[in-house]
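Down below is the structure, laid out as structure tokens.
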2 protein chains.
Amino acid sequence: MVRRFADRDEVITEIGELFREHGYPATSLSLITERTGLGKGSLYHLFPGGKPEMGEAVLTNIHKWFEDNVFLPLIDESDPQTAISHMFEAVTTYFRSGRRICLIGAMALDASRDPFAQRISDYFQRWLETLALALNRAGLLPDDARQLAREIVLGIQGALVLARAIDDDSVFIDEIGRLRKRSLTLPQR
Amino acid sequence: MVRRFADRDEVITEIGELFREHGYPATSLSLITERTGLGKGSLYHLFPGGKPEMGEAVLTNIHKWFEDNVFLPLIDESDPQTAISHMFEAVTTYFRSGRRICLIGAMALDASRDPFAQRISDYFQRWLETLALALNRAGLLPDDARQLAREIVLGIQGALVLARAIDDDSVFIDEIGRLRKRSLTLPQR
DNA sequence: GTTGATTTGTACCGATCAGTACAGAGGCAT
DNA sequence: ATGCCTCTGTACTGATCGGTACAAATCAAC
């Protein structure tokens, strides 16, 4: 008897890290039982829908983190520049300066995409929308705000890919710096 | 008897498309036999090292395509602006305006990365290096050339992730346009 | 035609997969 | 203590996995 009451959120977090390390398709139930210390019975009790439900739970958990720490502040913070600045800090921390991949972005690229297409799209659309709103409130015209929001979100994603591909954090750090500067030098409305 | 002489390059191309669709870890030998029309015996005859050798072959094939169509022109073309412009056209075609993922980038993000880390890194380093060289020849200081090369390569990668995540080609097209413009408006050396 | 080499396809192997069944263990109320 | 519910772990299932063995088919040279 290894564990008595599994903390669902903690299990979801652990599963999420496995998905980041191996990808969703290549993360087996054996890897999950090892990492979490839970037997199969426990896992199926917590996630009766099986592996797909684990995938949904992990994506929901990540989206919630971003909602609380990035998206809502982009909407609610009275000073949009402060909210945007905070977003860069939050993602630098969350993505561990480029050493931790964006699982949702990675899932867009492999066989996970089809089963989770809506969730993947919702997360990115939400990010683009809230960031564009903040940029607009900071002084950009709506079209320019949307374009810059795209540039920022894809820049973060690209920096994560490249940093990992060449094993060099500075790619991520430098790009965050560039995008931060980019968002501060806004044309006047 | 379905095929007599399998064309190795054609088989490599077909396998590469499967890897793009499913990811390397989730592409089974059954999928490969179906797609290529070759039996297992044939596949192991062509790739005695098995699936890892197929992975290597596909990565080598992609790197060669880029070497011939992007990297060497960036070095050899007498007019660097022409070579950079041609690179944007080549990648737009190769990545099908964002509808075809960069397999090497995707492999940086999943469990494929460890076995193929050197190849993945070499490809991106080569791209960065040749592009920086062309940008330098076009007038940028070496450090600025390296930074802009990074911005361009990660921008392309990020655009591929985002375009696929939200199922919108215009993300890729627009970013290529932005990067192209960015590379044309160089500070004078 | 025969022979040898090359290429191909299929049966087989042990291992692993996600999921199922269900007994065992623990906690709580009576 | 007992009974019920919740949570857990393990054995089992059929399917699929990558790889192996090897017979069959094809081709080229003589």
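Worth knowing before you read on, the calculation uses all heavy atoms, side chains too, and leaves out hydrogens, waters and symmetry mates. A, B, ... follow the sequence lines: proteins, then strands. Residue 1 opens every chain.
- One interatomic measurement links the two molecules: CD1 of A/Ile32 to C1' of C/dT16, which rounds to 14 Å at whole-angstrom precision.
- Not a single salt bridge (charged side-chain N to carboxylate O under 4.0 Å, His left out) links B/Arg164 to another residue, sequence neighbours left out.
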At under 4.0 Å between heavy atoms, which parts of nucleotides 13-21 of chain D does protein reach? Answer with one letter per nucleotide, 5' to 3': B base, S sugar-phosphate only, - none.
----SBBB-
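- A search for side chain to side chain contact (heavy atoms under 4.5 Å, CB included) contacts involving A/Ser85 returns A/Glu89, A/Arg180, not counting sequence neighbours.
- Nucleotide C/dT10 holds its C1' atom 14 Å from the CG atom of B/Leu38, rounded to whole Å.
- A straight line from CG of A/Leu46 to P of C/dG19 spans 14 Å, rounded to a whole angstrom.
- Residues passing the side chain to side chain contact (heavy atoms under 4.5 Å, CB included) test with A/Arg8 are A/Ile12, A/Leu46, A/Phe47, A/Glu53, A/Ala57, sequence neighbours excluded.
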Show me the donor-acceptor pairs, under 3.5 Å and distance only, between side chains in residues 95-103 of chain A and residues at least two apart or in other chains.
| residue | atom | partner | partner atom | Å |
| --- | --- | --- | --- | --- |
| A/Arg99 | NH1 | A/Asp169 | OD2 | 2.4 |
| A/Arg100 | NE | A/Glu17 | OE2 | 3.0 |
| A/Arg100 | NH1 | A/Tyr94 | O | 3.1 |
| A/Arg100 | NH2 | A/Glu17 | OE2 | 2.5 |

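- Residues satisfying the side chain to side chain contact (heavy atoms under 4.5 Å, CB included) criterion with A/Ser42, sequence neighbours excluded, are A/Leu38.
- For D/dC7, the OP1/OP2 oxygens have a side-chain nitrogen or oxygen of A/His45 closer than 4.0 Å.
- When the local axes at the two ends of the helix from C/dG1-D/dC30 to C/dT30-D/dA1 are compared, using 5 base pairs at each end, they differ in direction by 0° after rounding to 10°.
- Residues passing the salt bridge (charged side-chain N to carboxylate O under 4.0 Å, His left out) test with B/Asp122, sequence neighbours excluded: none.
- When rounded to the nearest whole Å, the span between CZ of B/Phe47 and P of C/dT8 equals 11 Å.
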Could you list the donor-acceptor pairs under 3.5 angstrom formed between side-chain atoms of residues 153-162 of chain B and any protein atom two or more places apart in sequence or on another chain?
none

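- Between A/Phe116 and A/Tyr24, the ring planes lie perpendicular to each other; the angle is over 60°, past the 30° to 60° tilted range.
- At the phosphate of C/dG9, OP1 or OP2 sits under 4.0 Å from a side-chain N or O atom of B/Ser42.
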